[in-house]
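In what follows, a structure is listed as structure tokens, so that the remarks can point back to it.
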Number of protein chains: 2
Amino acid sequence: MHTSLLDRLRLHGYRLTAQRRAVAEALDGINVHLTADEVHARAADILPEISRATVYSTLHELTEMGEILELGIEGRSKRYDPTTSPHNHLVCDSCGVIHDVQHGVAAPELPLNEAHGMAVRRAEVVYHATCGTCLAS
Amino acid sequence: MHTSLLDRLRLHGYRLTAQRRAVAEALDGINVHLTADEVHARAADILPEISRATVYSTLHELTEMGEILELGIEGRSKRYDPTTSPHNHLVCDSCGVIHDVQHGVAAPELPLNEAHGMAVRRAEVVYHATCGTCLAS
DNA sequence: TCTGAGTTCTGGACTAAGTCCAAGTTCGGA
DNA sequence: TCCGAACTTGGACTTAGTCCAGAACTCAGA
Ligand SMILES: [Mn+2]
Ligand SMILES: [Mn+2]
Ligand SMILES: [Zn+2]
Ligand SMILES: [Zn+2]
């Protein structure tokens, strides 16, 4: 009884359109971190005439719903992550590739006296590295 | 015998120009996180005809030398940090303001079995929050 | 099944941040 | 002082993303 991204869009009161279906299908079940343009390319395999604007707007809806995560990495285009359970990321600063870090690492809590009166939502740990491919070149 | 940013540019073999002087002076001694355009505005107070391209290139030189840090925050313009001692950041996701987190927090190390064969350079912790001003509006 | 109001989609224009480059200027070692 | 290498400039360009007016579609209700 796996509920798909598409089912959950419906539950949130969005209309079911061929475009949302295509974007959901492009993301469903994958475990990589795609850019908006990569999502657009995959969605266009299913629905060739889908526009970039619609892909962006659907990605924002899914992010707003908490069904995917939007990852903003250092000067590069954002990437979208269908894995929403708490995890951190390992990033190649040279080519931008991202791996999940699933186990054994928890972000330390922010001491209250450092909070500057701000409401802290979450702490994320980003590991900056260089991948094998980039090291070789 | 405090060595200024400018002195250190000289030590790295760069020529001393009025433009580098102006950028160094714009950054020296401050403890806030300026965007490139803000640095340009401050530098232009000292040297009105300085160009954006030169400010960008000087910021990159200083970053390359390790004399300032380039902070890339979620979809916004990069910010430049003259404080290079290890510290983390607390970011308002709504307006982009950044505070330093100096004490009591260390990023956890990445377990070897999670490294995907990559050479990890550093771990940073980013605290995502909403500042008082943004909460009020 | 049909309708229509409200939702959604489209494509193209637009913006913001940053990069690139050819031409002119300046620095500083000899 | 001289001169080549280093540097700066301003404007064109790129990339990622936003915005919008008009056209198309969805789905609740009759
Ligand atoms: Mn992930
Ligand atoms: Mn800082
Ligand atoms: Zn890489
Ligand atoms: Zn704020």
Side-chain angles (χ1 to χ4, degrees), chain A residues 5-7 9-26 33-41 43-44 46-65 68-80 93-96 98, chain B residues 5-7 9-26 33-41 43-44 46-65 68-80 93-96 98:
Chain A
L5 280 180
L6 198 60
D7 295 334
L9 270 167
R10 164 95 102 336
L11 291 176
H12 281 254
Y14 291 101
R15 290 192 174 172
L16 260 222
T17 67
Q19 288 80 358
R20 292 203 173 111
R21 215 181 301 270
V23 171
E25 196 166 329
H33 305 86
L34 302 176
T35 62
D37 272 348
E38 287 164 349
V39 174
H40 180 239
I46 301 162
L47 186 72
E49 67 277 20
I50 191 172
S51 74
R52 281 186 353 113
T54 298
V55 170
Y56 273 107
S57 107
T58 305
L59 288 171
H60 293 166
E61 288 159 8
L62 290 166
T63 302
E64 189 63 27
M65 285 166 50
I68 63 177
L69 296 175
E70 188 181 69
L71 308 178
I73 300 293
E74 180 68 16
R76 309 178 169 276
S77 43
K78 290 177 184 168
R79 289 171 178 272
Y80 293 88
D93 287 334
S94 165
C95 72
I98 301 180
Chain B
L5 280 180
L6 197 59
D7 296 334
L9 270 168
R10 165 101 97 338
L11 290 176
H12 280 256
Y14 290 101
R15 290 190 176 173
L16 261 225
T17 67
Q19 289 80 359
R20 291 205 174 109
R21 217 181 300 271
V23 171
E25 196 166 331
H33 306 84
L34 302 176
T35 62
D37 272 349
E38 287 164 350
V39 174
H40 180 239
I46 302 163
L47 185 71
E49 67 276 23
I50 191 172
S51 75
R52 282 187 353 114
T54 297
V55 170
Y56 273 108
S57 108
T58 304
L59 288 172
H60 293 165
E61 288 159 6
L62 290 167
T63 302
E64 189 62 29
M65 286 166 50
I68 62 176
L69 295 175
E70 188 181 69
L71 308 178
I73 299 293
E74 179 70 17
R76 309 178 171 277
S77 44
K78 291 176 183 168
R79 289 172 179 271
Y80 294 88
D93 286 336
S94 167
C95 71
I98 301 180

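The chains referred to below are lettered A, B, ... by the order of the sequence lines, with proteins before strands, and numbering in each begins at 1.
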Going by the rule ring-ring contact (aromatic ring centres under 6.0 Å, His included), which residues pair with H40(B) if we only count those two or more places apart in sequence or in a different chain?
none

Using a 4.5 Å cut-off on heavy atoms from C-beta on, say whether the side chain of R52(A) contacts that of D37(A).
yes

Can you work out whether R20(B) or A53(B) has the more 5'-proximal nearest nucleotide on DNA chain D?
R20(B)

In whole angstroms, how far is the P atom of dC7(D) from the CD atom of E61(B)?
7 Å

Can you find a heavy atom in the side chain of R20(B) that is under 4.5 Å from one in the side chain of R10(B)?
no

d(CZ, R76(A); P, dG17(D)) in whole Å
13 Å

Separation of dT18(D) C1' from E70(A) CD (nearest whole Å):
13 Å

Sugar-phosphate only, base, or nothing, as touched by S77(A) at under 4.0 Å among non-hydrogen atoms
sugar-phosphate

From CD of Q19(A) over to C1' of dA23(D), roughly how many Å is that when rounded to an integer?
13 Å

Contacts of R15(A) and R10(B) projected onto DNA chain C by closest heavy atom; the upstream (5') one is R15(A)

Is any side-chain heavy atom of T54(B) closer than 4.5 Å to one of V23(B)?
no

Are the side chains of E61(A) and L9(A) in touch, meaning some heavy atoms are under 4.5 Å apart?
yes

Just to be sure I understand the rule, does H40(B) reach a base, reach only the sugar-phosphate, or reach nothing, if contact means heavy atoms closer than 4.0 Å?
nothing

Any N or O donor-acceptor pair under 3.5 Å from the base of dG10(D) to the side chain of R52(B)?
no

Short side-chain N/O contact to dC25(D) OP1/OP2 from T17(A), under 4.0 Å:
no

Going by heavy atoms in the side chains, are Y80(A) and T63(A) under 4.5 Å from each other?
yes

Check: D93(B) main-chain N/O paired with R76(B) side-chain donor or acceptor under 3.5 Å:
yes

Identify the 5'-most and 3'-most nucleotides of DNA chain C with at least one atom closer than 4.0 Å to a non-hydrogen atom of chain B.
dA17(C) to dG28(C)

Between dT8(D) (P) and Y14(B) (OH): distance, integer Å:
11 Å

Any H60(A) side-chain N or O less than 4.0 Å from OP1/OP2 of dT18(D):
yes

Starting at atom OH of Y56(B), determine the distance to atom P of dG11(D), rounded to an integer number of angstrom.
17 Å

Could you state the CD1-C1' distance from I50(B) to dC7(D), rounded to the nearest angstrom?
12 Å

